[in-house]
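Each remark here refers to the structure printed beneath this line.
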Amino acid sequence: MAASCSVGSMPASTATRSAAQIQKDMYSLACSYTLSAGPVQTVVRVRGLDENIGQAMDIVEDLVFNAVPDTVILSALKADVLKNRADSKLSQSACFAALQNYIYYGPEFVAKTTLSDEQILALTSDELLGAIKDLYSKKHEVLYYGPAEEVAARKMVLDHHKIADNPQPLVKEQPLHRQVSGSQVFLAPYDANQFYYVQYSDRGDKFDVKNDPSVTMYNNYFGSGMNAIVFQEMREARGLAYSARASLVAPSYPNDDYYFFAYIASQNDKLKDAVVEFDRIINDMPQSEEAFQVAKSAILSQLRTRRVTGMGVLNQYMSLRELGLSESRDKAVFEAVQNMTLADVKAFQENWIKGREYLYGFLGRESDFDTAFISTLGPVTNLTLEEIFGY
């Protein structure tokens, strides 16, 4: 039976094990490992046959503490990173993702979380390997999912997982969305016949689990999927967008906010018509009983068939704990949605969506844009790709 224990790519070899030997040993144990670093956490994951997880952990932790620096590998890695960064600026979707990140979190966040090319080139093997070792000097959590009983699982972790005698506390810090107090427009360049557009709003509304049913119902009715109002109105009925979506997003952390976003991708010559029509349906939401019933049925069907399995059980537990919750949010949504009406969705839209202030973002060929119209949305700031990517 398989198990998974969570304690990018790790270093390739140690003084006693070559990269090929490590690969061979892990294969013989029917186990694998990864290390991933994200914006709020770093995860070392070992998975495979339960009876071999302890031995696999020994190999991985030997790699963590005794990795041999390899300047050739590091140079190749740096070259790959720099090439990927340059390639990203040639991709319209990557540029749009960077613009959204800039709008949602602000330039300070971009600068704080992005290394310059010069900083990447200056990184040494000792710095990188030291950062991985340092993880084990900090307080952390070990997650186990597998067939072993609790006593056996605890013993396995204690026998094979090395921790510092006095691990240092971690200060939790999450990226928070920036609140919007007035309309602004940001233009970023990309030479194409299509433009990408986003409007973003954060009023500072904090998390309340009681909002889940209404948020879920509104998003499914209005902005998500091919049967939703946004897709039907913007693409099917009017042909104003290749792609269109809108959603009110609940925070993942109690100190963050709900935020609303809407985006479209369309032809440059349709910019004004698309933005005006999008604004109209956002603030004066069309009402369709047929679309509402489709959305309600889709939600209930999804919740009836959804199953959380494997490490997903523990990941869900941790997500709920982050918000101060102890049980799944699906049950309350399922029960409430059954009794909701289209009038409930309209009332929610009137209270939560209508009349918001927005940050607007346009990515495309500015010479094709109706700049006189764009300036009516708010003060305009022209951005470079270097500013939105941070490099």
Side-chain angles (χ1 to χ4, degrees), residues 89 91-107 110 177-203 222-224 228-249 259-287 349-350 352-389:
K89 293 182 179 179
S91 164
Q92 191 167 16
S93 59
C95 290
F96 187 56
L99 176 60
Q100 288 176 284
N101 193 53
Y102 182 97
I103 289 174
Y104 291 2
Y105 296 103
V110 174
H177 292 84
R178 60 167 163 175
Q179 295 181 13
V180 178
S181 57
S183 297
Q184 296 182 64
V185 181
F186 298 94
L187 300 183
Y190 192 86
D191 189 13
N193 294 323
Q194 303 81 33
F195 74 93
Y196 285 13
Y197 160 84
V198 65
Q199 57 186 88
Y200 159 82
S201 176
D202 178 342
R203 306 188 308 187
F222 182 72
S224 302
I229 295 298
V230 164
F231 189 89
Q232 290 298 316
E233 292 285 328
M234 296 300 297
R235 175 169 171 165
E236 298 300 292
R238 291 166 177 76
L240 290 174
Y242 302 123
S243 178
R245 186 182 176 189
S247 184
L248 182 67
V249 183
Y259 70 92
F260 177 80
F261 79 91
Y263 85 83
I264 49 178
S266 187
Q267 296 168 220
N268 291 348
D269 60 356
K270 294 183 177 180
L271 183 149
K272 180 178 179 180
D273 290 341
V275 173
V276 168
E277 185 61 23
F278 213 178
D279 181 71
R280 185 191 69 78
I281 65 172
I282 288 171
N283 286 290
D284 186 17
M285 184 184 73
Q287 299 179 61
Q349 180 266 339
E350 291 278 344
W352 277 81
I353 308 300
K354 188 173 183 177
R356 282 173 172 261
E357 298 279 0
Y358 289 98
L359 302 183
Y360 299 90
F362 294 87
L363 176 77
R365 186 189 298 133
E366 187 179 350
S367 60
D368 289 351
F369 290 171
D370 185 340
T371 53
F373 164 72
I374 289 176
S375 65
T376 66
L377 301 174
V380 178
T381 299
N382 287 84
L383 299 171
T384 64
L385 294 184
E386 287 70 24
E387 286 175 306
I388 62 175
F389 278 100

What distance separates [X] [atom1] from [Y] [atom2], expressed to the nearest 0.5 Å?
X      : Y      : atom1 : atom2 : value
Gln100 : Tyr200 : CD    : OH    : 11.5 Å
Ile353 : Asn283 : CD1   : CG    : 9.5 Å
Ile388 : Leu383 : CD1   : CG    : 7.0 Å
Gln287 : Gln349 : CD    : CD    : 8.5 Å
Gln184 : Thr381 : CD    : OG1   : 6.0 Å
Phe195 : Asp368 : CZ    : CG    : 11.0 Å

Any heavy-atom pair between the side chains of [Y] and [X] that's under 4.5 Å?
X      : Y      : answer
Leu248 : Phe261 : no
Val380 : Asn382 : yes
Arg245 : Ser224 : yes
Val230 : Phe278 : yes
Phe369 : Phe362 : yes
Cys95  : Leu385 : yes
Tyr190 : Arg365 : no
Ile374 : Val275 : no

Is it the case that the side chain of [X] and the backbone of [Y] share a donor-acceptor pair, with hydrogens and angles ignored and the cut-off at 3.5 Å?
X      : Y      : answer
Ser183 : Gly378 : no
Lys270 : Gly239 : yes
Ser201 : Glu357 : yes
Glu277 : Ala274 : no
Arg178 : Ile103 : yes
Arg235 : Ala241 : no

Ring pair (Phe, Tyr, Trp, His ring centres under 6.0 Å) against Phe231, all qualifying residues, sequence neighbours excluded: none
Ring pair (Phe, Tyr, Trp, His ring centres under 6.0 Å) partners of Tyr196, counting only residues at least two apart: Phe96
Aromatic plane relationship, Phe186 with Tyr102 - under 30° parallel, 30 to 60° tilted, over 60° perpendicular: perpendicular
Over all atoms of both residues, closest heavy-atom pair of [X] and [Y]:
X      : Y      : answer
Arg356 : Asp202 : NH1-N, 4.2 Å
Gln92  : Gln194 : NE2-O, 2.9 Å
Ala94  : Phe389 : O-CZ, 3.7 Å

Side chain to side chain donor-acceptor pair (under 3.5 Å) between Tyr242 and Gln267, intermediate numbers included: CA-CA 8 Å; Tyr242 302 123; Gln267 296 168 220; 3.3 Å; yes
Lys/Arg N to Asp/Glu carboxylate O, Glu386 vs Lys89, below 4.0 Å: yes
Verdict with supporting geometry, Met234 and Ile281, side-chain contact (heavy atoms from CB on, under 4.5 Å): CA-CA 9 Å; Met234 296 300 297; Ile281 65 172; 4.0 Å; yes
Full working for side-chain contact (heavy atoms from CB on, under 4.5 Å) between Glu233 and Arg238: CA-CA 6 Å; Glu233 292 285 328; Arg238 291 166 177 76; 2.4 Å; yes
Test side-chain contact (heavy atoms from CB on, under 4.5 Å) applied to Val180 and Phe260, step by step: CA-CA 11 Å; Val180 178; Phe260 177 80; over 6 Å; no
Audit row: Val276, Phe373, side-chain contact (heavy atoms from CB on, under 4.5 Å) steps and yes/no: CA-CA 10 Å; Val276 168; Phe373 164 72; 3.7 Å; yes
